Structures are given as structure tokens and as C-alpha cells.
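The next block holds one structure in the form of C-alpha cells; read it before the comments.
Because the structure is predicted, anything quoted here is derived from the model rather than measured.
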Amino acid sequence: MKILHTSDWHIGRTLYGRKRYEEFEAFLIWLAEAIQKNSIDVLIVAGDVFDTSTPSNRAQELYYRFLCRVAISSCRHVLIVAGNHDSPSFLNAPRELLKALDVHVVGNISSSLEDEVLVLCDKQDVPELIVCAVPYLRDRDIRVAEAGESIEDKERKLIDGIRTHYAAVATLAEQKRESLGGGIPIVATGHLFTAGGQTVDGDGVRDLYVGSLAHVAAGIFPASFDYVALGHLHVPQKVNGSETIRYSGSPLPMGFGEAKQQKSVCLVAFDQAQGLSKTASVQMIDVPVFQKLERIRGDWGGILNRILELSVIDAPDGSAVWAEVIYEGDEVIGDLRERLEAEISNAKVEVLRIKNNRVIDRVLRQIHQEESLDDLNVNDVFERCLDVNCIPDEQRPELLRAYKETLSSLHEEDVKAE
């Protein structure tokens, strides 16, 4: 039995204002072909199918067209769980209809664990896999808020809530496995941040919980799980060195910090023919580059040389390279954008972002015309507001904490549920 594990598609995401639907479409076409080529039996998508809780019509079209394509392939089952960017109610809305295509959707936890512990059958209707389909566990789903709680109390309750939930679904899965004969693998999903997880600059991975320290350890997953398919972090990686607890990573680079990163999906095989029904072997399948990104940094001479090098590289489809330019030279260049536009007028390079570190250093923390909101995250903006209003240092920690709680509440609000 072969399982393909992927996550963090973020369909609809833009890059500095540039729409990327052609990339998403190319990836989904490639994924459908990879499923057929590798005779995949089960596809698991571990959250963040869309980039926002209100995906555009174009994003929805790509999603449903892909599901229809997979439904007529060799793949017997598709399992999709919601991530922190997804709207649970939006993903759940067509759930009953999608079941007819053997597409199983779990947008949020419910009062019945049965909704998360799924028994998948082969073509002869014989059970072959048990999946603990755990979606992103929202704060309100796993923790009861109490007045006067400290950040440490909240984080402890969050970790306890996550551990308790995984223990409960594992217990039910083990009971189902025992009733079915005991030889069926158990696979679990998760959309969370594990301790020691690797991220990169500009990948857009937001903190899941207030305080950002609620990173779970690998030991939180019960030993009965034969493979854990994780989502949320965009860098493909093992958790605590485990071959069978993995992030597949995002299939497309979410920012220029991921430009040189090899993207992949995980092919997980359970070789029942060899009597190893519960031993998973894992290999990575490289995802092609559908739009070349390049981060160019250095002094003016180095930047210019790299642009010239890129201008002679022929992309397979003739598309231009999308570039981010970070100027770090000693010379102060006030007209950096104008110079760049003149140099790339005949080159196959489009500069999507320019960051003039030399100018920014000169003005220290002040916002300069070369610095845009794209250079700041939401916490940076709030801290600038505190600076502008001369808020005393002793008042800042509590204000920042309240601000983060407000952001967390906004991110978890399911606008499609109304």
C-alpha cells in the first residue's frame, strides 16, 4: 500500500502582490500525474489547502478540479484535514458529497471521535488502513480559558489538550485495529509546530498560539502510530530524527527565503507482501520548479552581475525569473529602484521586491520610502506604534500580549461558519 503525504498548498497565496494561480495549477496537474505514475492508493493533505479562510473562485476551481482528476485515478482515497489557514466550515460544507468520490474531509474536531478515526478499505472492501485524521486543533477546542491565567498556564493547558486528544484518537484506533485482526497500520495527521522545527525567513508560517512557545515534542504522539503526516512547517523535515514522523513541507516556495529549497512530497509504503504490514518505508519525491525565484543580495556590482547571469538563463516555458533584491553595499544609493529598472528592461528578470539595507540602517528604526509594510510583520508594526506613542517599557509586555491574543482570535475566527 502506498500513501502520498503532502501539505501546505496555500492555494491563492500571492507573492508581493503577484498572483500565482498558474503555479498552483501546474503543481496540482503534476501531483495528479505523480499519483498515477507511482500507483498511489491514499493521498493525505495535512492542512492549509488554501491560504485564507475565504478562498477565491479561482482557488476553489483548482481544488475541485484536482479532486475530480484524482477520483478517476488509481488513488482509492483522499484524506484532507484543515490547517490554521483553512476555514473548517468551508472545507466541511461539501463533505457528504465528496464522500461519494472517496474524499474524506475533517475540518475540525467534533463531539464524536469516530469522525476522526477512519477505516479505509481496498478495492475488495477489506480494511487496509486506519487514519487518525486530526486537523489543526484550535485553542478553544482543547483549552478552557480562565480569568487571570498566565501565558505559561495557557501553554501548559494547550500542550495537555493536544496530548489528551492524540491519546484519545490513538486508543480508539487501537481498538478498531484489534477488532479487525491487529495487522492494519495506523497513520495519524497533525497540523502543528513541533519543538525544534525548522522554518526560514519570509515563509509566512504564523505562530499558532499566543506566546508561540506551545511547540509539541515528538513524544506527544502515541507509539501506536506507524506514520505521522504533519503540516504547518514549510521546510521538509523529520521530527526529532524520526523516519516516520515528518513534515512534507510546502510544494511551492512561499517566499524568497525558500527559493533554493528543494520542495517535495512524501511517499510512504507499507509492504504487506513481505509481512511488514506496520513498518513504513519513506522516500521523498522532488517537486519541479514551476516559477523560478531568486534572492539577490550584495553590493551594486554583485547585484548587477547576478541579474546579467539570470538574463541568459532560459526557463522551460520562457517565463521571467522573479527576484528579490537586497542591497548591502557601502555606497548609499537613493535611486536603487530606478537603477534596477533600467538594468532589467531587456532582461528576463522581474524584481518583485527591493530592500535597501544601507538606507534603512541610516535611518535606524524610522520608516523610509524604501521600506514598505512587506518588510515588517504584524508585531513589528505594533511595536512601531508603541514607539510613536512613547509607551513606557514597563507597559509594553502586557500590551504586546493583549495584541497577540487579539490576532490569535482573529485568525481562528471561521467567517464561513455564519
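Counting heavy atoms from C-beta on, the side chains of Val131 and Val42 never come closer than 4.5 Å. In this structure the side chain of Pro251 never reaches within 4.5 angstrom of the side chain of Trp30, judged on heavy atoms. Annotation: side chain of Ile245 is in contact with side chain of Phe221 (closest heavy-atom distance under 4.5 Å). Side-chain contact between Pro135 and Glu116: present, with at least one pair of heavy atoms (C-beta onward) separated by less than 4.5 Å. Within the 4.5 Å cutoff, the side chain of Val70 has no heavy atoms near those of the Leu101 side chain. Taking the side chain as every heavy atom from C-beta outward, Leu4 and Ile285 approach each other to under 4.5 Å.
Considering all non-hydrogen atoms of both residues, Ile44 and Thr189 come closest at CG2-CG2, 3.8 Å. Pairing each heavy atom of Phe90 with each of Pro94, the nearest pair is O-CD, 3.5 Å. The two residues Ala34 and Ile40 have their closest heavy-atom pair at O-CG1, 4.3 Å. Annotation for Phe256 and Trp322: closest pair CE2-O, 3.3 Å, computed over non-hydrogen atoms. In terms of heavy-atom proximity, Ser87 sits nearest to Ser53 at CB-O, 3.4 Å.
In this structure a side-chain-to-backbone donor-acceptor pair under 3.5 Å is present from Gln237 to Gln198. Not one N or O on the side chain of Ser7 forms a donor-acceptor pair closer than 3.5 Å with the backbone of Ser248. Between the side chain of Asp141 and the backbone N or O of Leu137 there is no donor-acceptor pair closer than 3.5 Å. Of the possible polar contacts, none joining the Asp8 side chain to the Gly249 backbone as a donor-acceptor pair under 3.5 Å is found. Although no hydrogens or angles enter the test, the distance criterion places a donor-acceptor pair under 3.5 Å between the side chain of Asp86 and the main chain of Gly83. For Asp41 (side chain) and His77 (main-chain N/O), no donor-acceptor pair under 3.5 Å exists by modelled atom type. No donor-acceptor pair closer than 3.5 Å links the side chain of Thr164 to the backbone N or O of Gly161. Of the possible polar contacts, none joining the Gln261 side chain to the Leu252 backbone as a donor-acceptor pair under 3.5 Å is found. A distance-only check finds no donor-acceptor pair linking the side chain of Asp122 to the backbone of Glu128 [under 3.5 Å]. In this structure, the side chain of His191 does not engage the main chain of Ala82 through any donor-acceptor pair within 3.5 Å.
One finds the OH atom of Tyr247 at 5.0 Å from the CG atom of Leu192 (value rounded to the nearest 0.5 Å). Taken from CE in Met284 to NZ in Lys263, the straight-line distance is 10.5 Å, to the nearest 0.5 Å. Distance check: Leu120 CG to Met1 CE gives 8.5 Å after rounding to the nearest 0.5 Å. Note that CG of Leu43 and CG of Asp102 are 12.5 Å apart. Values are rounded to the nearest 0.5 Å. A distance of 10.5 Å separates CD1 of Ile130 from CD of Gln175, quoted to the nearest 0.5 Å. The CZ atom of Arg76 sits 11.5 Å away from atom NZ of Lys2, with the distance rounded to the nearest 0.5 Å.
Of the charged side-chain nitrogens involved, at least one lies within less than 4.0 Å of a carboxylate oxygen, so that Lys176 and Glu114 count as a salt-bridged pair. Using a 4.0 Å cut-off between charged nitrogen and carboxylate oxygen, Asp51 and Arg20 do not count as a salt-bridge pair. A salt bridge between Glu96 and Lys99 is present, with a side-chain N of the basic residue lying under 4.0 Å from a carboxylate O of the acidic one. Under 4.0 Å is where a charged nitrogen must lie from a carboxylate oxygen, and between Arg58 and Glu25 at least one such pair does. Ion pairing of Lys157 with Asp160 is absent here, as no side-chain N (NZ or NE/NH1/NH2) approaches a carboxylate O to less than 4.0 Å.
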Quiz item: side-chain contact (heavy atoms from CB on, under 4.5 Å) between Val187 and Asp226: does it pass, once the steps are laid out?
Solution: CA-CA 6 Å; Val187 171; Asp226 300 300; 5.5 Å; no
Exercise. Carefully, step by step, assess Lys260 and Glu294 under the rule side-chain contact (heavy atoms from CB on, under 4.5 Å).
Key: CA-CA 8 Å; Lys260 296 186 181 299; Glu294 180 85 12; 4.1 Å; yes
Self-check item: Step-by-step salt bridge (charged side-chain N to carboxylate O under 4.0 Å, His left out) determination, Arg306 to Glu309
Solution: CA-CA 5 Å; Arg306 185 55 183 155; Glu309 291 172 359; 2.8 Å; yes
Self-check item: Residue pair Glu243, Arg246: steps toward the salt bridge (charged side-chain N to carboxylate O under 4.0 Å, His left out) verdict
Solution: CA-CA 7 Å; Glu243 290 288 337; Arg246 290 177 179 256; 2.6 Å; yes
Quiz prompt | side-chain contact (heavy atoms from CB on, under 4.5 Å) assessment of Phe66 paired with Leu31 | solution = CA-CA 9 Å; Phe66 168 78; Leu31 183 60; 3.5 Å; yes
Quiz item: Given Tyr166 and Phe225, is the side-chain contact (heavy atoms from CB on, under 4.5 Å) satisfied, shown in steps?
Solution: CA-CA 10 Å; Tyr166 273 101; Phe225 293 159; 3.8 Å; yes
Exercise. For side chain to side chain donor-acceptor pair (under 3.5 Å), just list the numbers for Ser74 and Ser39, CA-CA rounded to whole Å, side-chain angles, deciding distance to a tenth of an Å, and then say yes or no.
Key: CA-CA 6 Å; Ser74 62; Ser39 302; 5.2 Å; no
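The aromatic rings of His234 and His10 lie perpendicular to each other, with more than 60° between the two planes, well past the 30° mark.
Partner Glu324 forms a side chain to side chain donor-acceptor pair (under 3.5 Å) with one of Lys355, Arg353, Arg297 and no other, that one being Arg353. For the ring pair (Phe, Tyr, Trp, His ring centres under 6.0 Å) with Tyr63, the qualifying choice from Phe27, Phe50, Phe24 is Phe50, the only one to do so.
Within 6.0 Å of the CG atom in Asp286, the count of heavy atoms belonging to other residues, nucleotides or ligands exceeds 12.
Under the 3.5 Å distance criterion, with hydrogens and angles disregarded, no donor-acceptor pair is assigned to the side chains of His232 and Asp48.
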